[in-house]
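Data first, discussion second: the structure below is written as structure tokens.
Quick note: numbers below take in every heavy atom, side chains included, and nothing from hydrogens, waters or symmetry partners.
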Amino acid sequence: DESGDFLVQHFELTYLTSGRDLLRVAVESPAKGAPVILANPNFGKYLSGALPGAESTATRSTDLDRSGLQFAPLAGTAAEAKALQSLLKLDAQNVLTGDRATEASLRDLHGPRILHVATHGFFLNDQEVALMGHGSETGALPFNENPLLRSGLALAGANARHSGTLDDGILTAAEAAQLDLRGTQLVVLSACDTGVGEVRIGEGVYGLRRALVLAGVQAQVGTLWKVADE
């Protein structure tokens, strides 16, 4: 501003994904439950030599099963969950780890005051498909797959692409947008690339951040980079 200060020093800034969000800001929903921690999911058998999820060369969500994308165990997140449990004075039922760290467990939540998720996160680039043109000309057009299907979190069963009856162990941003997080004051995504997305002109950034806003979250912490387990 004219005094050389950043606007954030004097104003509270709120990101909106659409005009509808103004109604949500005007009428805030109270949190319905205690904080919940999800960490150290049991991804299933990790194939030796496969690339961890954080380093995979997969390019699209539809390539997940045939790309060799695997998720290595995250022992550091178990210690993270234990420290947070003590800090927040939580009962064991509010700490979801191992086989309990599932998509279903997240869908069963209804507005926890804080949600802390420590796992693998990913954002896959859209893939280009080569198209044969006339004569010797060739070109490439993007698949332009929905970025909400190309970003997500790995949960229990992710390596086998099987969790429970219907889930595949991978929570995409599109699925995260359907969670009931109205009233949740803060979501912390302690994982790689959780703030990364695709910029859509006039619409903002499509990815996990947008999905959580749609789910009702008031504030969130994410990353634009790779983060070490420890």
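Taking OG1 of T97 as the start and CG of L74 as the end, the distance is 12.5 Å to the nearest 0.5 Å. The distance from the CG atom of L90 to the CD1 atom of I114 is 8.5 Å, given to the nearest 0.5 Å. In this structure, L224 CG and T194 OG1 are separated by 8.0 Å, a value rounded to the nearest 0.5 Å. Remark: L214 CG to R209 CZ distance equals 9.0 Å, nearest 0.5 Å. With rounding to the nearest 0.5 Å, the separation of NE2 in H116 from CD in Q85 is 12.5 Å. Put simply, CG on L84 and CG on N94 are 12.5 Å apart, with the number rounded to the nearest 0.5 Å.
S151 places none of its side-chain heavy atoms less than 4.5 Å from the side chain of Y206. Side-chain contact between K32 and D180: present, with at least one pair of heavy atoms (C-beta onward) separated by less than 4.5 Å. Between F123 and E198, some side-chain heavy-atom pair lies under the 4.5 Å cut-off. Using a 4.5 Å heavy-atom threshold, the side chains of F71 and N159 count as touching. For the pair L106/E175, no side-chain contact is recorded, criterion being any heavy-atom separation below 4.5 Å from C-beta on. Using a 4.5 Å heavy-atom cutoff, the side chains of V95 and K82 are not in contact. Within the 4.5 Å cutoff, the side chain of T102 has no heavy atoms near those of the L155 side chain. Residues D167 and R107 have side chains in contact (heavy-atom distance under 4.5 Å, counting atoms from C-beta outward).
The main-chain N or O of L148 is found under 3.5 Å from a side-chain atom of N146 such that the two form a donor-acceptor pair. The backbone N or O of N42 sits nowhere less than 3.5 Å from a side-chain atom of D99 that would complete a donor-acceptor pair. A donor-acceptor pair is defined here as one N or O able to donate and one able to accept, closer than 3.5 Å; no such pair exists between the side chain of T77 and the backbone of T119. Within the 3.5 Å criterion, the main-chain N or O of I170 finds no donor-acceptor partner in the side chain of R161. For R150 (side chain) and L124 (main-chain N/O), a donor-acceptor pair under 3.5 Å exists by modelled atom type.
The nearest pair of heavy atoms linking G169 to S163 is N-CB, 3.9 Å. Between H120 and A72 the shortest heavy-atom distance is NE2-O, 2.9 Å. The nearest pair of heavy atoms linking T184 to P112 is OG1-O, 2.8 Å. The two residues T172 and L149 come nearest to each other via the heavy atoms CG2-O, 4.2 Å. When all heavy atoms of A81 and A39 are compared, the closest pair comes out as CB-CB, 3.7 Å. The two residues P41 and A156 have their closest heavy-atom pair at CB-N, 3.6 Å.
Around CD of E230, the count of heavy atoms belonging to other residues, nucleotides or ligands within 6.0 Å does not exceed 12.
L186 and L38 fall into different hydrophobic clusters, where Ile, Leu, Val, Met, Phe, Trp and Tyr side chains are chained together by heavy-atom contacts under 4.5 Å. No single ILVMFWY cluster, assembled from side-chain heavy atoms under 4.5 Å apart, contains both V221 and V227. Residues V36 and V187 share a single hydrophobic cluster, defined by chaining ILVMFWY side chains whose heavy atoms lie under 4.5 Å apart. Under the 4.5 Å side-chain heavy-atom criterion for Ile, Leu, Val, Met, Phe, Trp and Tyr, I37 and L153 are members of distinct hydrophobic clusters. Transitive grouping of hydrophobic side chains (ILVMFWY, heavy atoms separated by less than 4.5 Å) brings L179 and L109 into a common cluster.
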List the steps, then state whether side chain to side chain contact (heavy atoms under 4.5 Å, CB included) holds for V205 with R210. CA-CA 7 Å; V205 180; R210 181 186 181 90; over 6 Å; no
Show your reasoning for whether side chain to side chain contact (heavy atoms under 4.5 Å, CB included) applies to L212 and L189. CA-CA 11 Å; L212 292 175; L189 298 180; 3.7 Å; yes
Test side chain to side chain contact (heavy atoms under 4.5 Å, CB included) on K226 and D193 and set out the steps. CA-CA 6 Å; K226 308 296 183 186; D193 299 329; 2.6 Å; yes
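Looking only at atom types and distance, the side chain of E80 has a donor-acceptor partner in the side chain of S190 under 3.5 Å away.
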